[in-house]
Number of protein chains: 2
Amino acid sequence: MAAGTGKKEKRDASTEERILAAARTVFTKKGYAGTKVRDIAAEADINLSLVNYYFRSKEKLFQVIMQETVQQLIGDVSRIFDKEETSLEEKVGALADHYVNLLLKNPDFPLFLVNEILSGNDIFSSHAKKETLFQSHFFKQIGALKVNYNPVHIIMNTFGMLVLPFLARPILQNNGIVKPAEFKALMEERKKLIPVWIKGMIG
Amino acid sequence: MAAGTGKKEKRDASTEERILAAARTVFTKKGYAGTKVRDIAAEADINLSLVNYYFRSKEKLFQVIMQETVQQLIGDVSRIFDKEETSLEEKVGALADHYVNLLLKNPDFPLFLVNEILSGNDIFSSHAKKETLFQSHFFKQIGALKVNYNPVHIIMNTFGMLVLPFLARPILQNNGIVKPAEFKALMEERKKLIPVWIKGMIG
DNA sequence: AAAAAAATTGAACAATTGTTTAAAACAAAT
DNA sequence: ATTTGTTTTAAACAATTGTTCAATTTTTTT
């Protein structure tokens, strides 16, 4: 029948891959409800029926994209969080570095996630590696901090400072607070500043 | 015909008001595309046709809600930003105080905005008072800062630290990082901490 | 009380959209 | 070459959903 794990794998992968790529693009840009199957077909430049032929339903296709996205996300974070030999500040730096790069390439990405998170779709809970994440070296380091407030704040601050600029980008740019060309440079600057700020909070 | 400004204003306001309240709720929770006119009618407990009777179309109704929302938002921020007599740190404190309260009451609110911002709908640009905002005392204070980086970072950090916890709340709670009962207390804690952190960044 | 205007209702319409089907085109195997 | 299995296509189906309409009820005006 359809995809991927079949025995002979004789299929030309391009159609299936094109649907996936198109789905990634459109779902990310418009969200689940805002995406029409016909949009995906058009983006992939294939016949409408092929979407259902390869993925059964819009819902199933969405789950594939979402699963793949979360997997990637958790994988990336885990690799950074698990390192035993890096300091907390270094981990924050690595996070900033990695995600600024990623978000500069995929500006719609944070909305996509936020969107699904708040639509009741608990994208992480269904995922295997989640425990790994929340018991990682990073979380141990955070928990061991000597600060007179709940150390979870540090996590919130890190991700808040990291993600918000990308969510607010249109506002910042359309109102002349940040010139379009300037945005990338600002984000590069943040790569170095975020760990400094975080260090200031805990030091 | 419809609403509000008409001459005689004889209409029982309750139906129109109920539609507006329902629309606020449903649009905020599900976004524009995810909202069905029938959802709004059901939430308001009125006949489906009345939505179009009072507001012409789903699109128009949405614009009313969006306009009212942005107006409120800009108004609140302006009141804080414009104060000549408060320090930068005090303004951040007032912001945190006001918006933590607001977001605790309306958990879906940040997503709603973020959603529209990134769907190309530049909610601020169409609004009159926007210049006021970006030329406010707050922005002057920010611009006058003696820091060796672009002062816009401070704005991003403030809003990032303020908003992200509400966007990430489901993740935090569903994974035991923050217990549901604990969340409110954490946010109250943040009211005081955010201005301290910001002060640390600029001082 | 009668007439006019406004509000409400249930039904239907029309457009959109996810999905299915049957036939055709294509590729692989015998 | 023929058969078999797979992929693609165009069309249609069915469900959803925004909108409209005609009739009824309610309210306001005269």
Side-chain angles (χ1 to χ4, degrees), chain A residues 1-66 115-116 119 121, chain B residues 1-66 115-116 119 121:
Chain A
M1 357 166 57
T5 49
K7 55 244 134 138
K8 291 184 184 173
E9 196 66 355
K10 66 182 95 166
R11 181 182 314 101
D12 176 17
S14 79
T15 298
E16 195 174 340
E17 270 307 325
R18 279 163 75 180
I19 296 175
L20 281 171
R24 245 178 315 245
T25 302
V26 185
F27 276 136
T28 302
K29 202 173 297 183
K30 306 197 190 185
Y32 180 77
T35 296
K36 318 300 170 198
V37 179
R38 281 165 178 80
D39 296 340
I40 297 174
E43 173 78 25
D45 196 34
I46 49 99
N47 187 284
L48 169 66
S49 311
L50 291 177
V51 179
N52 284 301
Y53 178 75
Y54 280 96
F55 296 97
R56 294 289 308 279
S57 71
K58 176 189 177 185
E59 172 75 26
K60 289 252 172 57
L61 174 55
F62 181 74
Q63 280 166 9
V64 170
I65 299 294
M66 184 49 94
N115 221 331
E116 292 312 312
S119 77
N121 187 344
Chain B
M1 357 165 59
T5 50
K7 56 244 134 137
K8 291 184 182 174
E9 197 64 357
K10 67 183 92 168
R11 181 181 315 100
D12 176 16
S14 79
T15 297
E16 195 173 340
E17 270 307 327
R18 279 163 75 180
I19 296 175
L20 281 171
R24 245 179 314 246
T25 302
V26 184
F27 277 136
T28 303
K29 201 172 299 183
K30 307 197 190 186
Y32 180 78
T35 295
K36 318 302 169 197
V37 179
R38 282 165 177 81
D39 297 340
I40 297 174
E43 173 77 25
D45 196 33
I46 48 99
N47 187 286
L48 169 66
S49 311
L50 291 177
V51 178
N52 283 302
Y53 179 75
Y54 281 97
F55 296 97
R56 294 288 309 278
S57 71
K58 177 190 176 185
E59 171 76 26
K60 289 251 172 57
L61 174 55
F62 181 75
Q63 280 166 9
V64 171
I65 299 294
M66 183 49 93
N115 222 332
E116 292 312 312
S119 77
N121 186 345

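The sequence lines fix the lettering, A, B, ..., with proteins before strands; numbering per chain opens at 1. Quick caveat, the model's predicted, so the values are computed rather than measured.
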Rounded distance in Å - [atom1] ([X]) to [atom2] ([N]):
X: A/Glu16; N: D/dT6; atom1: CD; atom2: P; answer: 14 Å
X: B/Leu50; N: C/dT8; atom1: CG; atom2: P; answer: 5 Å
X: A/Arg38; N: D/dA15; atom1: CZ; atom2: C1'; answer: 12 Å
X: B/Tyr53; N: C/dT9; atom1: OH; atom2: P; answer: 12 Å
X: A/Arg18; N: D/dT8; atom1: CZ; atom2: P; answer: 9 Å
X: A/Lys36; N: D/dT16; atom1: NZ; atom2: P; answer: 15 Å
X: B/Ile19; N: C/dT9; atom1: CD1; atom2: P; answer: 10 Å
X: A/Ile46; N: D/dT9; atom1: CD1; atom2: P; answer: 8 Å

Does a nitrogen or oxygen in the side chain of A/Asn47 sit under 4.0 Å from OP1 or OP2 of D/dT8?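 A/Asn47 to D/dT8 OP1/OP2: no side-chain N or O under 4.0 Å.
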Nearest to the side chain of B/Ser49, which nucleotide is it out of D/dT9, C/dT9, C/dA7?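 From the listed options, C/dT9 comes nearest.
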Among C/dG18, D/dA11, D/dT19, which nucleotide has an atom closest to any side-chain atom of A/Val37?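 Of the candidates, C/dG18 comes closest.
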Flag side-chain contact, heavy atom, 4.5 Å: B/Asn47 against B/Tyr53: no
Within the 4.5 Å heavy-atom criterion, are B/Ile40 and B/Phe27 side-chain neighbours or not? yes
Would A/Lys58 and A/Tyr32 count as a cation-pi pair here, with the cationic atom under 6.0 angstrom from the ring centre and within 45° of the axis? yes
Using only heavy-atom distances, decide whether a donor-acceptor pair under 3.5 angstrom links the side-chain of A/Thr15 to the base of D/dT8. no
B/Leu20 CG to B/Thr25 OG1 distance, which is reported to the nearest 0.5 Å: 10.5 Å
Here's a test of your reading of the structure: between A/Lys58 and B/Leu48, which maps to the more 5' nucleotide of DNA chain C?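 Comparing both residues, the 5'-ward one is B/Leu48.
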